[in-house]
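Here is the structure we will look at.
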Amino acid sequence: MEISALTRSVVKSNHAIIALDGYINSNVPGWINCTVNVIINEAMGANFCQTIITAKNGANLEGKTVASQIFFYIVEGSCKTTIESAAQHLSKGQFVYVPVQKTYLFEGFEEGTQILTFHKVYEKLESYNIPEIQFGDAVNFPAPAYLGDDALRLQVLLPDNLSFDMAINIFTYQSGGHLPFVETHIMEHGLLFLQGQGVYMLNQQWYPVKKGDSIWMAPYCQQWFTAIGKEPAVYIYYKNINRFPAKI
Ligand code: UGY
Ligand code: MN
């Protein structure tokens, strides 16, 4: 018998691991007939938000981005998406980036469809335009070796220009592949494991992690990962980028 008092989830001051067993549903106005799990947000100490939405029969997500831009990624299943007047059918591995001040509608869900969202308050840069809506499919993005290591592949899903203040990347590690050094950096991360398993080191503590787990890493949370097991480990992650590093 499983002991229900045990979990791999942890919430610390500068990192968190949220495994599926800790989920409790939230109601979000405009998002109906679906379960919404708010994985990361300001209440945790983060400067962005990450949710996972699972569609039930008759699911519908309708709203308008205000101060925050939202990146929607289809983890499983499919649906129809309309951003302002642009409509597209999205399925597993496809995404849409919705800039600030845009209406969105997601409908016609295959039951069980799962959508990952990342939300960040947009910081406009003087003399740069607000980004355009971006539809995309991860399979069409190149996966170059990361820092010259063929066991690590990094896909960059959003355009690399200063209009964007956030990046969404997919990192694929062959089993045994690992980050080349312990990263210690100002950028914050939220991530979702899409496949496989491995060991994450966060702030000098070691955690076994696997598909379905989410992780929050605050600025300067030290980080290192190695993939283990019989298949590559894959995670999709958020990172804040391209803005002045100090308010003063
Ligand atoms: O982009 C990054 O900082 C990335 N290498 N970090 C990570 O995967 N934990
Ligand atoms: Mn990093």
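One-based numbering, in listed order, for ligands and for the atoms of each.
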Quiz item: Taking just the N, O or S atoms of Glu183, which one is nearest to the Mn ion (ligand 2)?
Solution: OE1

Quiz prompt | For Tyr200, atoms of ligand 1 separated by under 4.0 Å from a heavy atom | solution = 7 (C), 8 (O), 9 (N)

Quiz item: Quick one: does Tyr237 get within less than 4.0 Å of ligand 1, heavy atoms only?
Solution: yes

Practice problem: Do me a favour and list the nearest non-hydrogen protein atom to atom 8 (O) of ligand 1 with residue, atom name and distance? | Solution: Tyr235 OH, 2.5 Å

Self-check item: Output field: ring centroids Phe193/Phe225 closer than 6.0 Å
Solution: yes

Quiz item: Do you see an N/O/S atom of Tyr237, backbone or side chain, under 2.8 Å from the Mn ion (ligand 2)?
Solution: no

Quiz prompt | Shortest protein heavy-atom distance from atom 2 (C) of ligand 1, along with the residue and atom involved | solution = Lys239 NZ, 3.3 Å

Quiz item: Do the rings of Phe141 and Phe95 sit parallel, tilted or perpendicular, given the 30° and 60° boundaries?
Solution: tilted

Quiz item: Parallel, tilted or perpendicular: which describes the rings of Phe171 and Tyr146, with under 30° parallel and over 60° perpendicular?
Solution: perpendicular

Practice problem: Please round to the nearest 0.5 Å and tell me the distance separating atom CD of Gln134 and atom CD1 of Ile83. | Solution: 12.0 Å

Exercise. Tell me, yes or no, whether the heavy-atom count around Tyr128 atom OH, taken from other residues, nucleotides or ligands under 6.0 Å, exceeds 12.
Key: no

Quiz prompt | Exercise: identify the closest heavy-atom pair between Glu76 and Gly112 | solution = CB-O, 4.4 Å

Quiz item: In terms of residue, atom name and distance, what is the protein heavy atom nearest to atom 9 (N) of ligand 1?
Solution: Gln223 OE1, 2.8 Å

Quiz prompt | Side chain, backbone, both or neither: the part of Met187 lying under 4.0 Å from ligand 1 by heavy atom | solution = neither

Exercise. Measure the acute angle between the ring planes of Phe71 and Phe118, then classify it against the limits of 30° and 60° as parallel, tilted or perpendicular.
Key: tilted

Quiz prompt | Interatomic distance, His15 atom NE2 to Met201 atom CE [nearest 0.5 angstrom] | solution = 10.0 Å

Quiz item: Going by the order shown, which atoms of ligand 1 are within less than 4.0 Å of some heavy atom of Phe171?
Solution: 5 (N), 8 (O)

Practice problem: Give yes or no for whether the N/O distance cutoff of 3.5 Å, strictly under, is met between Asn169 and ligand 1. | Solution: no

Quiz item: Which protein non-hydrogen atom lies closest to atom 6 (N) of ligand 1, naming both residue and atom, and how far is it?
Solution: Glu183 OE1, 2.9 Å

Quiz item: Given NE2 of His189 on one side and OE1 of Gln223 on the other, what angle do they make at the Mn ion (ligand 2), to 10°?
Solution: 90°

